[in-house]
2 protein chains.
Amino acid sequence: MTKSADKNGKTRIQREKRKQILEAALDVFSQFGYRGSTIDQIAKAAGLSKPNLLYYFPSKDAIHAELLSGLMDSWLDPMRALNADGDPKEEILSYVRRKLQMSRDFPRESRLFANEIIQGAPRILPAIEGELRDLVAEKSAIIQGWINTGRIAPLDPQHLLFSIWSLTQHYADFEVQVRAIMPSEERVYPRAEEHLETLFTRMLSV
Amino acid sequence: MTKSADKNGKTRIQREKRKQILEAALDVFSQFGYRGSTIDQIAKAAGLSKPNLLYYFPSKDAIHAELLSGLMDSWLDPMRALNADGDPKEEILSYVRRKLQMSRDFPRESRLFANEIIQGAPRILPAIEGELRDLVAEKSAIIQGWINTGRIAPLDPQHLLFSIWSLTQHYADFEVQVRAIMPSEERVYPRAEEHLETLFTRMLSV
DNA sequence: GTCTATACAAAGATAGAC
DNA sequence: GTCTATCTTTGTATAGAC
């Protein structure tokens, strides 16, 4: 036994190369979108030749699909953590903070999704209509419960979730614009966090 | 005088054809992004052949550039209307309403910009660093003035503007996602307006 | 596993007939 | 002004040597 392949038939080397390619592909796809990106660009970014890259992935589409499906899960984690038994205001504020951290720490992932959704979500509509939709229904119910018992001020729960997404993702998706307007401001995120904390505190107070 | 060309050397027919092409191009570019769109697609959408379209515009790039520059101006109108002498809370709420109307009435334009900015604003960075930046500086100063005189609750004015943009544009840019989550809800915009009105009223109250 | 060479298709743009 | 035909470039993907 010289190759010690795992159950998927992949050697360690193969798994590492694939990871390295996905990392480069994330760089490229998140900036130029699917159609705007070329295999050559990705290969160059990964330090490989084009045919060599295609030895590890069957096609450009396969790379993109794997990126998207791999991300969908972790992308929803901050929302999954919203806990019905916690303190309502603190739960929502924590969610906002986690989501803002995602924008700060994973801006490329955010832009990959944004590109996909703006262009009509051709590749992830099923996941949106499934997983995401169910999760939103579940968490909306929790929020509505908090409103009904008077623990937070009344608000449309679904639109509240949209507000959280848009306010936080904006800093990743429109980063170029934010930076163009605040070029001297290196502390964008600490300021943003403060701002959103103020905003949601006022929004939720009965 | 048979052709009655205007000062730009364009006949009426030419202006109308160009308009018709731009309309089709907006459809296509806003959905697929610059690279994802083809001249063929645009030509077909405009009811023309590819070479015929290229009789009216020198290149794909020229069409895209004209769309963007033509839109930049009207896109900033809602912000320009923010009036230092009006009632602060009403001024900001009106701005939010105007911006939400833009998302409702011109979602393609919103997505055209979003595509451009997410991808690093390769073609409109100068306008963002110029016009937009200046306008933000001017309006931030007005908002700061309102805060200083205690007419609205304290907030970071620049981040407040970002919040207004993100909350309103979300309904156009992520329309597919919104619709996937609220498929039965045909009254998205009236609800959104109510929600944002509530949100900003609480946010600005001293 | 990695490379060079190449097949093949799509897309931007032009030539020239009508 | 509009069309058919064509040129050229770019980009996806494969063949086959090493």
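Note: hydrogens, waters and symmetry copies are ignored here, and every other heavy atom, side chains too, is used. Sequence lines set the chain letters: A, B, ... in the order given, protein chains first and strands last, and positions in each chain run from 1.
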- Lys60(B)/Asp40(B) ion pair, N-O < 4.0 Å: no
- Message: With a 4.0 Å cut-off on N to O distance, would you call Arg111(B) and Asp173(B) a salt bridge?
- Response: no
- Query: Within 45° of the axis and under 6.0 Å from the centre of the six-membered ring of Tyr95(A), does NZ or CZ of Lys139(A) qualify?
  - Reply: no
- Message: Please verify the inter-ring angle class for His170(B) with Phe174(B); under 30° counts as parallel, over 60° as perpendicular, anything in between as tilted.
- Response: parallel
- Task: Just say parallel, tilted or perpendicular for the rings of Tyr171(A) and His159(B), cut-offs at 30° and 60°.
- Result: tilted
- Shortest non-hydrogen pair, Leu155(A) vs Ile147(A), comes out as O-CD1, 3.2 Å
- Residues in residues 52-70 of chain A with a heavy atom under 4.0 Å of DNA chain D, by number, are Leu54(A), Ser59(A), Lys60(A)
- Got more than 12 heavy atoms from elsewhere within 6.0 Å of CD, Gln101(B)? yes
- Query: For Tyr34(A), is the NZ or CZ atom of Arg123(A) found under 6.0 angstrom from the centre of its six-membered ring and inside 45 degrees of the ring axis?
  - Reply: yes
- Whichever of Lys50(A) and Ile13(B) has the more 5' nearest nucleotide on DNA chain D, that residue is Ile13(B)
- Message: Among residues 28-49 of chain A, which ones have heavy-atom contacts with DNA chain D below 4.0 Å?
- Response: Ser37(A), Thr38(A), Ile39(A)
- Task: Answer with base, sugar-phosphate or nothing: what part of the nucleic acid does Lys17(B) contact at a heavy-atom distance below 4.0 Å?
- Result: sugar-phosphate
